[in-house]
There are 4 protein chains.
Amino acid sequence: MFNINITSDKPIYEQIIDNIKELSLKNILKPDDKLPSVRQMASMLSVNPNTVSKAYQELERQKIIHTVRGKGTFISIPADYPIDSDRIIKSLESLRTICIELGHLGFHKEKIFKEIEKIYCDIEKEG
Amino acid sequence: MFNINITSDKPIYEQIIDNIKELSLKNILKPDDKLPSVRQMASMLSVNPNTVSKAYQELERQKIIHTVRGKGTFISIPADYPIDSDRIIKSLESLRTICIELGHLGFHKEKIFKEIEKIYCDIEKEG
Amino acid sequence: MFNINITSDKPIYEQIIDNIKELSLKNILKPDDKLPSVRQMASMLSVNPNTVSKAYQELERQKIIHTVRGKGTFISIPADYPIDSDRIIKSLESLRTICIELGHLGFHKEKIFKEIEKIYCDIEKEG
Amino acid sequence: MFNINITSDKPIYEQIIDNIKELSLKNILKPDDKLPSVRQMASMLSVNPNTVSKAYQELERQKIIHTVRGKGTFISIPADYPIDSDRIIKSLESLRTICIELGHLGFHKEKIFKEIEKIYCDIEKEG
DNA sequence: GTGGTCTAGACCACC
DNA sequence: GTGGTCTAGACCACA
């Protein structure tokens with residue numbers, strides 16, 4: 001279920017975040033589903049609990065999960081208006097950077113569209 | 001011409017790389033155009049020459065620029081078959097991650113397509 | 001273990017690269033073995049950490065080593081298909097240049113073969 | 001006849017040296033043949049005369065060519081005993097380094113032998 | 001003039 | 001603890 005690559009240049013805590021976001025978007029993790037505890041998750045993934053903790057904190061900050069003291073951590077109901085304009089701006093900048101990079105790698109607009117179709121095809125497969 | 005943000009979390013040398021890639025894709029920097037020398041660029045950007053040098057070296061590895069000994073650094077002619085499959089895989093993974101992130105921010109497929117149209121509109125404006 | 005000659009005309013970071021490649025080919029450094037940390041290696045060789053870092057980064061680009069975040073740097077398992085055709089072309093050009101140079105120094109084909117036998121004898125001694 | 005690549009990482013003056021050594025070994029340039037003057041060579045190759053001059057000086061130091069004042073520069077008769085042991089040691093070290101590099105690129109002894117056969121095949125073609 | 005290498009020393013993110 | 005980035009300033013080879 002979780003893809004973690006300790007060799008990757010991407011920090012492990014970010015990979016955990018990405019995994020949970022993906023499972024949530026795919027509706028495999030649904031609102032009010034309980035996440036494994038920090039320690040369970042850490043031993044599942046063979047990583048340091050601090051790393052998992054950092055991921056959970058960031059996800060909480062982004063209102064994707066929330067913690068109930070003494071109960072555990074749960075997937076949140078997506079807000080209608082996230083309006084975290086900083087994150088939007090950053091994401092759109094990243095999108096721009098990647099389009100440029102892909103441009104240099106021979107991917108032009110239509111080819112990028114096709115790749116995105118593929119990604120959505122995968123994301124919406126479940127649900 | 002160059003947008004560098006010293007306070008950004010993205011390393012300066014990567015920002016330089018991104019800027020040059022963008023200018024090259026926009027055809028503002030054309031093949032055989034001379035880039036500012038390492039020292040010129042460094043003083044333009046108020047940055048250490050080593051930082052510029054690192055950016056140039058990475059761009060050279062990616063065959064986007066090349067150096068002529070004692071003369072300077074020049075934009076290369078795009079190769080017909082670059083195909084650095086590692087870079088392609090990484091870029092497509094980033095694209096996937098960003099689509100998921102944008103999904104959580106309320107951007108679904110059609111909205112992402114519109115954003116990419118905007119990006120291409122900007123890139124191809126010159127030419 | 002490591003032969004570094006500060007007065008050599010060959011850059012120190014390249015000498016470090018060559019040393020690690022040799023130890024790896026001799027199987028003295030085996031896959032998953034941990035390399036000394038950048039700082040350890042730097043103090044071992046009485047060299048600046050940045051210089052070691054540059055060597056490690058180049059070795060990583062060549063997929064001979066890889067880093068695990070927060071853990072250190074490790075010898076990689078040789079890929080089945082590395083095939084960096086640029087590096088192969090460059091190496092064969094160097095081989096050609098050296099054969100010509102050795103030709104001028106009185107080494108002809110058979111004598112070069114004998115030298116290579118010696119080199120392989122040394123490389124395969126361990127293992 | 002001359003292959004010079006100003007984009008190469010190898011200094012131009014070394015490329016000139018390599019070219020002349022190769023032509024000499026192939027016996028296309030024979031003892032007592034006159035080389036183009038520094039200026040002729042420079043304009044032939046579109047390089048700076050200083051660069052050609054540096055190459056000629058190094059070739060003279062290696063006793064591969066010699067200058068007759070007022071007459072020009074000529075290919076020397078190969079000495080029976082070059083005994084430039086420094087150059088021999090350096091060349092054999094380079095040979096070793098390249099064998100190791102080629103080892104990492106999937107070329108083992110027999111394959112290297114084959115490459116050398118190819119090189120000699122090319123060198124001795126003329127004669 | 002150009003880029004390439006190296007040092008000493010600092011700060012940071014990640015685990 | 002690890003590696004990654006950056007600075008300031010030096011020296012060198014090449015053209």
Side-chain angles (χ1 to χ4, degrees), chain A residues 4 6-16 42 45-55 58, chain B residues 4 6-16 34-42 45-58 60 65-74, chain C residues 4 6 8-16 34-42 45-58 60 65-74, chain D residues 4 6 8-16 42 45-55 58:
Chain A
I4 301 295
I6 58 166
T7 292
S8 162
D9 51 335
K10 180 177 286 191
I12 295 174
Y13 83 95
E14 278 188 22
Q15 294 185 50
I16 296 174
L45 305 179
S46 315
V47 301
N48 192 305
N50 291 331
T51 306
V52 177
S53 180
K54 183 165 185 180
E58 177 60 22
Chain B
I4 300 296
I6 314 254
T7 65
S8 161
D9 51 333
K10 180 178 286 192
I12 298 173
Y13 82 94
E14 279 188 19
Q15 296 183 50
I16 297 173
K34 185 177 185 309
L35 288 173
S37 79
V38 168
R39 291 164 174 83
Q40 282 172 346
M41 180 74 90
L45 304 178
S46 310
V47 144
N48 190 289
N50 287 331
T51 306
V52 177
S53 182
K54 186 169 185 180
Y56 279 19
Q57 283 178 29
E58 178 60 25
E60 188 156 12
I65 65 178
H66 62 272
T67 63
V68 179
R69 309 187 60 97
K71 292 279 171 57
T73 307
F74 300 83
Chain C
I4 300 295
I6 314 253
S8 161
D9 51 333
K10 181 178 283 192
I12 297 173
Y13 82 94
E14 279 188 19
Q15 295 183 50
I16 297 173
K34 187 179 183 308
L35 288 173
S37 80
V38 168
R39 291 165 174 80
Q40 281 171 346
M41 180 73 91
L45 305 179
S46 308
V47 143
N48 190 288
N50 287 332
T51 305
V52 177
S53 182
K54 187 169 183 180
Y56 279 19
Q57 282 178 29
E58 179 59 26
E60 189 157 12
I65 66 177
H66 63 271
T67 62
V68 179
R69 309 188 58 98
K71 293 278 171 58
T73 307
F74 301 83
Chain D
I4 300 295
I6 58 167
S8 162
D9 52 336
K10 179 178 286 190
I12 294 174
Y13 83 95
E14 279 188 21
Q15 295 185 50
I16 296 173
L45 305 178
S46 315
V47 302
N48 191 306
N50 291 331
T51 306
V52 177
S53 180
K54 184 165 185 180
E58 178 60 21

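Scope of the values below: all heavy atoms of this structure, side chains included, with no hydrogens, waters or symmetry mates. Residue numbering restarts at 1 for every chain, and letters A, B, ... go by the order of the sequence lines.
Checked by atom type and distance alone, the side chain of C:Arg69 never pairs as donor or acceptor with a backbone atom of A:Ile6 at under 3.5 Å.
Summarising the geometry, atom CD belonging to B:Gln57 is positioned 9.5 Å from atom CD1 belonging to B:Ile65; distances are rounded to the nearest 0.5 Å. To the nearest 0.5 angstrom, A:Ile16 atom CD1 is 11.0 Å from A:Lys54 atom NZ.
Checking F:dT7, E:dC14, F:dG3 against the side-chain heavy atoms of A:Pro11 singles out E:dC14 as nearest. Checking E:dC15, E:dT2, F:dG3 against every side-chain atom of C:Arg39, the shortest atom distance belongs to F:dG3. Considering only side-chain atoms of B:Ser37, the nucleotide from E:dT7, E:dT2, F:dA15 that sits closest is E:dT2.
When the C1' atom of F:dA15 is taken as reference, atom NZ of B:Lys34 falls 13 Å away, rounded to whole Å. Summarising the geometry, the separation between CG on B:Leu45 and P on F:dC6 is reported as 12 Å, rounded to the nearest angstrom. Taking atom CD of residue B:Gln15 and atom P of nucleotide F:dT5, one finds them 13 Å apart after rounding to whole Å. Counting to the nearest Å, the C1' atom of E:dA13 and the CG atom of A:Asp9 are 14 Å from each other. Protein atom CD1 of A:Ile4 is 14 Å distant from nucleotide atom P of E:dC14, rounded to whole Å. A straight line from CE of B:Met41 to P of F:dT7 spans 14 Å, rounded to a whole angstrom. In this structure, the CG atom of B:Asn48 is 11 Å from the C1' atom of F:dT5, given to the nearest Å. For B:Leu35 and E:dG3, the CG to C1' distance is 13 Å, given to the nearest whole Å.
Across every strand in view, F:dT5 sits in a pair with E:dA10 that passes the Watson-Crick or G-U test at under 3.5 angstrom.
Put simply, the side chain of C:Thr67 does not reach to within 4.5 Å of the side chain of C:Tyr56, judged on heavy atoms.
Checking B:Ile6 against D:Ile12, the closest nucleotide of DNA chain F that is more toward the 5' end is the one next to B:Ile6. Toward the 5' end of DNA chain F, the nearer of the two residues B:Asn50 and C:Thr67, judged by each one's closest nucleotide, is C:Thr67.
A close approach under 4.0 Å does occur between a side-chain nitrogen or oxygen of B:Gln57 and OP1 or OP2 of E:dG4. At F:dG3, one or more side-chain N or O atoms of C:Thr73 fall inside 4.0 Å of OP1 or OP2 (strictly under the cut-off). The shortest distance between the side-chain N/O atoms of C:Arg69 and the OP1/OP2 oxygens of E:dC15 is below 4.0 Å. The side chain of C:Lys71 places no N or O atom within less than 4.0 Å of a non-bridging phosphate oxygen (OP1 or OP2) of F:dG3. Not one side-chain nitrogen or oxygen of D:Tyr13 sits closer than 4.0 Å to the OP1 or OP2 atom of F:dA15. OP1 or OP2 of E:dC15 has not a single side-chain nitrogen or oxygen of A:Lys54 nearer than 4.0 Å. Between E:dG4 and B:Ser53, a contact under 4.0 Å exists linking OP1 or OP2 to a side-chain N or O.
Residue B:Lys71 qualifies as open at atom NZ: its count of foreign heavy atoms under 6.0 Å is 12 or below.
Nearest heavy-atom pair, B:Tyr13 versus B:Thr51, reported as atom, atom and distance to 0.1 Å: CB-O, 3.7 Å.
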